[in-house]
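Inspection log for the structure reproduced underneath, given as structure tokens.
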Number of protein chains: 2
Amino acid sequence: MSSPSKDRLRLWLRLLRLTRHVDGHLRDKLRVDFKTTLPRFDVMAALSRHPEGLKMSQLSGVLRVSNGNVTGIADRLADEGLVERVPVPGDRRAMTLRLTPAGNVEFARQANAHEGWINEMLSGISAADARAMAAQLIVVAQAAENKEKINDPSHA
Amino acid sequence: MSSPSKDRLRLWLRLLRLTRHVDGHLRDKLRVDFKTTLPRFDVMAALSRHPEGLKMSQLSGVLRVSNGNVTGIADRLADEGLVERVPVPGDRRAMTLRLTPAGNVEFARQANAHEGWINEMLSGISAADARAMAAQLIVVAQAAENKEKINDPSHA
DNA sequence: TAACAATATTTCAAGTGTCAAAAATTTCTT
DNA sequence: AAGAAATTTTTGACACTTGAAATATTGTTA
């Protein structure tokens, strides 16, 4: 009793189970070791990759979360002095969000620990397998994302 | 510049990207097509696999979410007549949650659509590859989960 | 230039999620 | 049997998340 559809469903459930497990562990570690959360870490990681800062809309685009979501997280990070809002010269609507020096220091600590946690949890995969699997996932993800554009009437 | 640790980190980021993509698409479809949410679907799916019902604590254990979380979701599903709380004979503290007949009918519709969505999004993977990848993920997940028990003092 | 559309962000309401503490009940111990 | 400890669930406070509505600004166009 098996079909391509069932096989893919089972793969999805496996995938979900693993990512939820790792995700949950990361949340725990971030909370206990750094008194922060995964969404906050994600925001800081995105800003860390863009030292010049990102506009709020760019940030929500990169993280693939809603606009309003980022507002609240940025508020709380700003309260703690880890990020700052900088006005955009030519456009008084927009704000650029970027890490403060303190934010940079703090994120470096967190990112280092983060890589260690992942390495430990995924130690069941060899480096070669990890590379192979990642390569395969790129193909899968592209297929999944293209699937949508085909059904997206905004391109008609 | 590559290391086993970086390879695994990259794999994790790929994994996360794909699951978030699929996850988001499922949420959209559930919302638009069925006016429901993924957590509600998850609860109903768990109950569907246990027709005799599950105690609240068992349910949160299966779903790996907190106790208090399930309370709220169960409340809303019960309001709509999709699940019902049944007292446990020997224990007046506990409640068994189970699908109502209406809930069963509704979940069957949703589960059918759900399998179709997954099949479509993961169509970039052949059935054979899906089976192979799922098998590999089982190993990875077990390694990840065992890793914790080793560090868990509750087994000392 | 006045009206209208588009863009950038915030605010709002509702649902989801966590943890910690409270409430109710059961079980263990003495 | 009384009291303490353990179990089961709910409640409360806070954070995250979304989609939609509200604000403010910029761009377009008649």
Side-chain angles (χ1 to χ4, degrees), chain A residues 19-21 23-32 34-44 46 53-80 82-97 154, chain B residues 20-21 23-44 46 53-80 82-97 154:
Chain A
T19 55
R20 282 195 182 165
H21 177 77
D23 221 83
H25 194 59
L26 292 179
R27 285 175 202 276
D28 275 358
K29 296 295 283 181
L30 283 172
R31 180 171 49 82
V32 173
F34 291 101
K35 311 238 179 302
T36 189
T37 65
L38 195 47
R40 289 163 52 114
F41 178 83
D42 287 343
V43 165
M44 293 180 76
L54 285 172
K55 289 198 294 180
M56 297 299 284
S57 50
Q58 291 178 315
L59 186 52
S60 57
V62 167
L63 298 178
R64 294 159 178 277
V65 297
S66 69
N67 251 339
N69 184 3
V70 177
T71 296
I73 297 173
D75 285 348
R76 285 180 285 271
L77 287 174
D79 282 349
E80 297 177 24
L82 298 172
V83 305
E84 59 187 351
R85 283 182 169 89
V86 182
V88 174
D91 190 339
R92 277 182 300 175
R93 295 168 302 183
M95 290 300 249
T96 290
L97 198 70
S154 73
Chain B
R20 282 195 183 165
H21 177 78
D23 220 84
H25 194 59
L26 291 180
R27 283 175 202 277
D28 276 359
K29 296 296 283 181
L30 283 172
R31 180 171 50 81
V32 173
D33 292 2
F34 291 103
K35 311 234 177 307
T36 190
T37 66
L38 195 47
R40 288 162 52 113
F41 178 82
D42 287 344
V43 165
M44 291 179 76
L54 285 172
K55 287 197 295 180
M56 296 300 282
S57 49
Q58 292 178 314
L59 185 52
S60 57
V62 167
L63 299 178
R64 294 160 177 278
V65 297
S66 66
N67 248 340
N69 183 5
V70 177
T71 297
I73 297 172
D75 285 348
R76 287 181 283 273
L77 287 174
D79 283 348
E80 296 177 26
L82 297 172
V83 305
E84 60 189 349
R85 283 183 169 88
V86 182
V88 174
D91 189 339
R92 274 181 302 172
R93 297 168 302 182
M95 291 298 250
T96 291
L97 198 70
S154 75

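Every chain is numbered from 1, with letters handed out A, B, ... down the list of sequences.
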For [N] and [X] - does any side-chain N or O of the residue sit under 4.0 Å from the phosphate oxygens OP1/OP2?
X     : N      : answer
A:T37 : C:dT18 : no
A:S57 : C:dT9  : yes
A:R85 : C:dT10 : yes
A:R31 : C:dC19 : yes

Nearest whole angstrom, please: distance from the [atom2] of [N] to the [atom1] of [X].
X     : N      : atom1 : atom2 : value
B:D75 : C:dA14 : CG    : C1'   : 15 Å
A:I73 : C:dG17 : CD1   : P     : 16 Å
B:K35 : C:dG15 : NZ    : C1'   : 16 Å
B:N67 : C:dT18 : CG    : P     : 10 Å
B:R64 : C:dG17 : CZ    : C1'   : 16 Å
A:L59 : C:dT7  : CG    : C1'   : 17 Å
A:K55 : C:dT9  : NZ    : C1'   : 11 Å
A:L54 : C:dT9  : CG    : C1'   : 15 Å

(message) Closest-nucleotide mapping onto DNA chain C: is A:N69 or A:A94 further toward the 5' terminus? I mean the 5' end.
(response) A:A94

(message) Considering every strand and a 4.0 Å limit on heavy-atom distances, what is the contact class for A:L38: base, sugar-phosphate, or nothing?
(response) nothing

(request) Mind checking B:R27 for me? I need base, sugar-phosphate or nothing, with any heavy atom below 4.0 Å counting as a touch. (result)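 Answer is nothing: B:R27 stays at 4.0 Å or more from every strand.
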
(request) Please assess A:D75 against A:R85 for the test side chain to side chain contact (heavy atoms under 4.5 Å, CB included), listing each intermediate value before the final yes or no. (result) CA-CA 9 Å; A:D75 285 348; A:R85 283 182 169 89; 2.9 Å; yes

Heavy-atom check, side chain of [X] versus side chain of [Y], under 4.5 Å:
X     : Y     : answer
B:P39 : B:R27 : yes
B:E80 : B:R40 : yes
A:R76 : A:L82 : no

(request) Quick one: pull up CG in B:L77 and OG1 in B:T36 and give me the separation to the nearest 0.5 Å. (result)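 With rounding to 0.5 Å, CG (B:L77) is 6.5 Å from OG1 (B:T36).
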
What are the atom names and distances for every N/O pair under 3.5 Å that joins the protein to nucleotides 23-25 of chain C?
{"unit_1": "C:dT25", "atom_1": "O2", "unit_2": "B:R93", "atom_2": "NH1", "d": "3.4"}

(message) Distance under 4.0 Å to a non-hydrogen atom of chain B counts as contact; along DNA chain D, which nucleotides mark the start and end?
(response)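 Reading along DNA chain D, I get D:dT7 to D:dG19.
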
